[in-house]
Each structure stands twice: as structure tokens, then as C-alpha cells.
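Please read all numbers here as calculations on a predicted model, not as lab measurements.
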Amino acid sequence: MADNSRWSPWLAIRATVAQVEEGGVLAPKFDQRGLLPAVVTDATSGEVLMLGYMNAEALIRSIDTGEAHYWSRTRQRIWHKGASSGQVHKIVEMRIDDDQDSVWPRVAVGGIGGSCHVGYRSCFYRSVDLGLPADRPVSLRFQEQQKLFDPSDVYGDADNPTIL
């Protein structure tokens with residue numbers, strides 16, 4: 001478990017259920033790796049753009065700057081969304097769920113409006129066909145037909161965050 005004592009001026013200690021569920025201070029519950037899931041949506045359309053993770057530092061940086069910072073599980077470091085692509089996630093509103101173990105940043109996306117490193121608007125650009133086929137893998141359908149940008153133009157030869 002990560003030591004979040006460095007962030008104690010801004011993050012409250014979880015003391016009671018009433019404080020966590022009905023209180024007026026931020027007392028997040030990070031998982032065993034020190035992470036908090038962040039379900040990111042477009043502030044205007046409501047479209048789900050991505051699922052990211054924040055550690056205490058990323059959460060505090062996001063609150064402080066108004067721009068989303070995440071913890072890259074692949075790179076094992078803080079990631080300021082859009083720092084290299086220009087597609088910054090400007091936070092319009094950030095909500096926390098009832099037991100404070102996940103956040104919901106509603107964002108305005110800078111640049112050309114893409115959030116996915118593959119080039120699509122949303123990281124959720126495919127849907128899963130429901131119902132199990134007899135003897136083959138489950139099919140995926142593309143819901144976004146066109147990429148907004150070419151990742152090689154935007155990221156060059158930077159490491160791809162997808163791990164096999």
C-alpha cells in the first residue's frame with residue numbers, strides 16, 4: 001500500500017462511514033497499489049472517453065491544476081494527459097463516488113478532441129457482441145469508424161502503452 005501521508009494537508013483520514021459517505025471532505029480509498037479508478041467522460045456529450053487511474057499525487061495535481069493527471073500503470077509514472085499530444089483533459093467537474101474509491105472527471109478535451117492513444121475519440125471505440133458463439137472468440141464491432149489522428153504523427157516513436 002502506498003504511503004499517502006505526504007498528501008495529508010489535502011486528503012482527509014477516513015475516520016467513519018458517515019464522514020466518508022455524507023461528509024464534506026475528500027478522504028479517498030486507494031486500492032492496494034495506491035490507485036483510484038477514474039471514469040473519464042466528455043463534459044458536454046457525456047461520452048465515456050477512457051478509464052484511467054490516479055494515485056494520490058495524480059489526484060492532487062489534477063485538483064490543483066484543473067488538468068487531468070493519471071498514473072500510468074505501464075510506465076509506472078505520473079502522466080499529464082495531453083502533454084505530448086495537445087489533447088489535454090481540462091477538468092470541468094470531478095465527482096467522487098459514495099465510498100470514495102473512484103472518481104469521475106468530466107472533461108473538455110483539447111487539441112482535436114481525441115482521448116485514445118490509438119487515434120480514436122474514445123478509448124471505448126469497439127463494442128462486444130453479446131451471446132457466446134459456438135467455437136470461436138467473441139467478436140468486436142467498431143463503433144468509431146474513423147480515427148481523429150494518426151498516432152505515429154502525434155507520438156512519433158514513443159513507447160506504446162499497450163502491453164501484450
Side-chain angles (χ1 to χ4, degrees), residues 1-2 4 20-21 28-63 66-164:
M1 182 119 186
N4 292 321
V20 169
E21 293 182 346
K29 181 177 177 66
F30 297 94
D31 71 12
Q32 65 277 11
R33 296 172 299 172
L35 302 176
L36 198 65
V39 180
V40 184
T41 64
D42 181 278
T44 303
S45 71
E47 174 185 20
V48 176
L49 299 174
M50 61 175 269
L51 171 68
Y53 293 89
M54 293 181 176
N55 64 1
E57 181 178 358
L59 180 62
I60 293 300
R61 282 188 187 186
S62 297
I63 293 167
E67 294 182 352
H69 292 71
Y70 303 99
W71 176 256
S72 171
R73 296 179 302 159
T74 305
R75 297 179 185 107
Q76 292 292 295
R77 63 178 168 84
I78 297 287
W79 156 46
H80 179 198
K81 177 64 177 157
S84 59
S85 68
Q87 298 170 99
V88 172
H89 282 180
K90 187 77 174 159
I91 300 171
V92 173
E93 177 186 43
M94 185 184 302
R95 295 188 185 191
I96 191 148
D97 74 336
D98 53 357
D99 58 352
Q100 298 197 39
D101 67 355
S102 61
V103 292
W104 173 22
R106 296 177 58 241
V107 303
V109 183
I112 58 174
S115 284
C116 179
H117 77 275
V118 178
Y120 294 98
R121 167 135 173 85
S122 168
C123 293
F124 294 91
Y125 54 88
R126 295 173 290 183
S127 63
V128 177
D129 283 347
L130 300 178
L132 292 177
D135 58 355
R136 59 183 168 78
V138 174
S139 297
L140 299 177
R141 292 186 195 278
F142 280 80
Q143 298 302 317
E144 292 186 37
Q145 302 304 317
Q146 220 170 359
K147 292 185 178 188
L148 293 179
F149 63 93
D150 181 343
S152 61
D153 291 343
V154 172
Y155 301 111
D157 60 357
D159 290 340
N160 186 316
T162 301
I163 297 176
L164 296 181

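Between G52 and Y70, the shortest heavy-atom contact is CA-CD2, 4.3 Å. Residue G34 comes nearest to F30 through the heavy atom pair O-CD2, 3.5 Å, listed as atom of the first residue, atom of the second, then distance. Counting all heavy atoms, side chain and backbone alike, P133 lies closest to V138 at CD-CG2, 4.1 Å. Summarising the geometry of A43 relative to A108, their closest heavy-atom pair is CB-N, 4.5 Å, with the distance given to 0.1 Å.
The closest side-chain heavy-atom distance from R33 to W71 is not below 4.5 Å. Inter-residue side-chain proximity for S115 and V40 is flagged as unmet; no heavy-atom pair is nearer than 4.5 Å. Contact check for L51 versus Y53: side-chain heavy atoms found under the 4.5 Å cut-off. Counting heavy atoms from C-beta on, the side chains of M54 and L35 never come closer than 4.5 Å.
Residue V107 forms a side-chain contact (heavy atoms from CB on, under 4.5 Å) with just one option from L49, T41, T44, and that option is L49.
Going from atom CH2 of W104 over to atom CD of E93 covers 7.0 Å, rounded to the nearest 0.5 Å. Note that the OG atom of S85 and the OH atom of Y155 stand 4.0 Å from one another [nearest 0.5 Å]. One distance of note links CG of L36 with CG of D97; it measures 8.0 Å at 0.5 Å rounding. In this structure, OG on S122 lies 10.5 Å from CG on L148, to the nearest 0.5 angstrom. Here R75 contributes atom CZ and R73 contributes atom CZ; the two are 12.5 Å apart, rounded to the nearest 0.5 Å. Note that CH2 of W79 and CZ of R61 are 14.0 Å apart. Values are rounded to the nearest 0.5 Å.
Put simply, the side chain of E144 gets close to the backbone of R121: a donor and an acceptor are under 3.5 Å apart. Looking only at distances, a side-chain donor or acceptor of Q100 sits under 3.5 Å from a matching main-chain atom of V20. In this structure a side-chain-to-backbone donor-acceptor pair under 3.5 Å is present from K147 to V118. Checked by atom type and distance alone, the side chain of S102 never pairs as donor or acceptor with a backbone atom of P37 at under 3.5 Å.
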| field | Step-by-step side-chain contact (heavy atoms from CB on, under 4.5 Å) determination, E67 to I91 | value | CA-CA 5 Å; E67 294 182 352; I91 300 171; 5.9 Å; no
| Stepwise side-chain contact (heavy atoms from CB on, under 4.5 Å) test for I78 and N55 | CA-CA 8 Å; I78 297 287; N55 64 1; 3.3 Å; yes
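More than 12 heavy-atom neighbours from other residues, nucleotides or ligands sit within 6.0 angstrom of CG on D98. Residue Q146 qualifies as open at atom CD: its count of foreign heavy atoms under 6.0 Å is 12 or below. Surrounding CZ of R141 are at most 12 heavy atoms belonging to other residues, nucleotides or ligands under 6.0 Å away.
Ring geometry for Y120 against F142 counts as tilted: the plane angle lies between 30° and 60°, on a 0 to 90° scale. Ring geometry, H80 versus H69: the interplanar angle falls under 30°, so the pair is classed parallel (tilted spans 30 to 60°).
Residues H117 and T162 bring a donor and an acceptor atom of their side chains to less than 3.5 Å of each other.
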